[in-house]
Trainee: 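Below you will find the structure I want to go over with you.
For ligands, and for the atoms within them, numbers begin at 1 and follow the listed sequence.
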Amino acid sequence: MHSRRIGVVALAIPMALYAPAAPALADDTTQLHADLTQLNDTGATGTAEVSISGTEVTVDITSHGLLAGQPHAQHFHIGGSNTCPDMSAAGEDGRLNTTEGAPSYGPIKTSLTTEGDTSADSGLAVDRMPAADADGSVSYSRTFEVPEDVAASVKAGEAVIVQHGVDYNGNGEYDFDGGGESELDESLPTEATDPATCGQLTPAPEGGMAAGAGGMTASEADMALLAVGTGLVAAAGTAAVFGLRRSRAAEVSGRDAVL
Ligand SMILES: [Cu+2]
């Protein structure tokens with residue numbers, strides 16, 4: 001008698017979780033991710049998380065292995081083939097400068113500055129670019145507005161994040177001895193402007209990586225999880241991961257306590 005009652009309640013819960021999925025899908029926020037990998041043999045790596053809603057974009061970047069204590073210009077590049085260049089694109093000097101990589105990642109469209117203007121005009125505003133700490137790590141977080149065309153490109157997965165700043169001669173600073181003048185601004189060493197990391201921004205699966213349901217919508221992910229019989233614990237976990245249906249998750253917890 002008692003076990004039959006539990007069965008009925010357990011069956012009812014997946015339907016309760018499924019029903020409120022529609023409001024969650026109405027959210028127009030797009031989440032994107034980039035794995036930043038080295039260029040110019042810097043050994044630097046990083047990750048970038050971007051969320052964009054309308055024309056408001058939030059960018060979080062964490063990188064390691066960059067030249068310590070120096071600013072690292074960083075941008076959304078848009079308008080190339082949405083890829084990171086191969087080092088074969090470097091000239092005879094073996095150093096890949098920003099222009100040589102442009103067929104892959106396109107020109108600067110948004111400058112990921114720490115304050116003030118974020119347009120391409122601030123592309124080389126190194127005084128407003130994040131500096132790596134003493135360990136060569138950059139931690140960057142900022143929310144700002146972008147033009148509609150940039151927002152559309154970012155949402156479509158057509159943006160590439162590039163971080164600049166390379167220490168070719170290993171002397172701990174940007175200097176002209178390391179590679180001469182920048183092709184972008186002769187007053188700057190090319191060390192200050194050559195690409196150090198690069199990563200294509202790609203939309204994350206709806207529902208997030210943690211759901212392990214790449215490419216599915218949130219409701220499809222719910223159904224898939226429920227269909228494979230992962231049961232009540234997984235369903236509640238899904239709601240928590242999405243962070244969207246907290247009231248339902250709480251309700252499930254409440255039922256759990258009753259059971
Ligand atoms: Cu750039």
Trainee: Side chains of Glu100 and Glu183: does their closest heavy-atom pair fall under 4.5 Å?
Mentor: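 Result no, sub-4.5 Å side-chain heavy-atom pair not found.
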Trainee: List the residues meeting salt bridge (charged side-chain N to carboxylate O under 4.0 Å, His left out) with Asp93, not counting sequence neighbours, and say none if there are none.
Mentor: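 Residues passing salt bridge (charged side-chain N to carboxylate O under 4.0 Å, His left out) with Asp93: Arg95.
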Trainee: Should the heavy atoms of other residues, nucleotides or ligands under 6.0 Å from CD of Glu145 be counted, would the total exceed 12?
Mentor: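 Yes - once you tally the heavy atoms of other residues, nucleotides and ligands closer than 6.0 Å, there are more than 12.
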Trainee: Might you point out which heavy atoms bring His164 and His77 nearest each other, and give the distance in Å?
Mentor: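 Smallest heavy-atom distance, with atoms named: NE2-NE2, 3.5 Å.
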Trainee: Taking 2.8 Å as the limit, list every protein N, O or S atom around the Cu ion (ligand 1), by chain and residue number.
Mentor: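 Near the Cu ion (ligand 1), the protein supplies His75 ND1, His77 NE2, His164 NE2.
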Trainee: Taking the inter-plane angle between the rings of Tyr174 and His72 on a 0 to 90° scale, is it parallel (under 30°), tilted (30 to 60°) or perpendicular (over 60°)?
Mentor: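 The arrangement is perpendicular - the two ring planes meet at more than 60°.
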Trainee: Among Thr113, Thr118, Thr114, find the one that has a side chain to side chain donor-acceptor pair (under 3.5 Å) with Arg142.
Mentor: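 So the option named by the test is Thr113.
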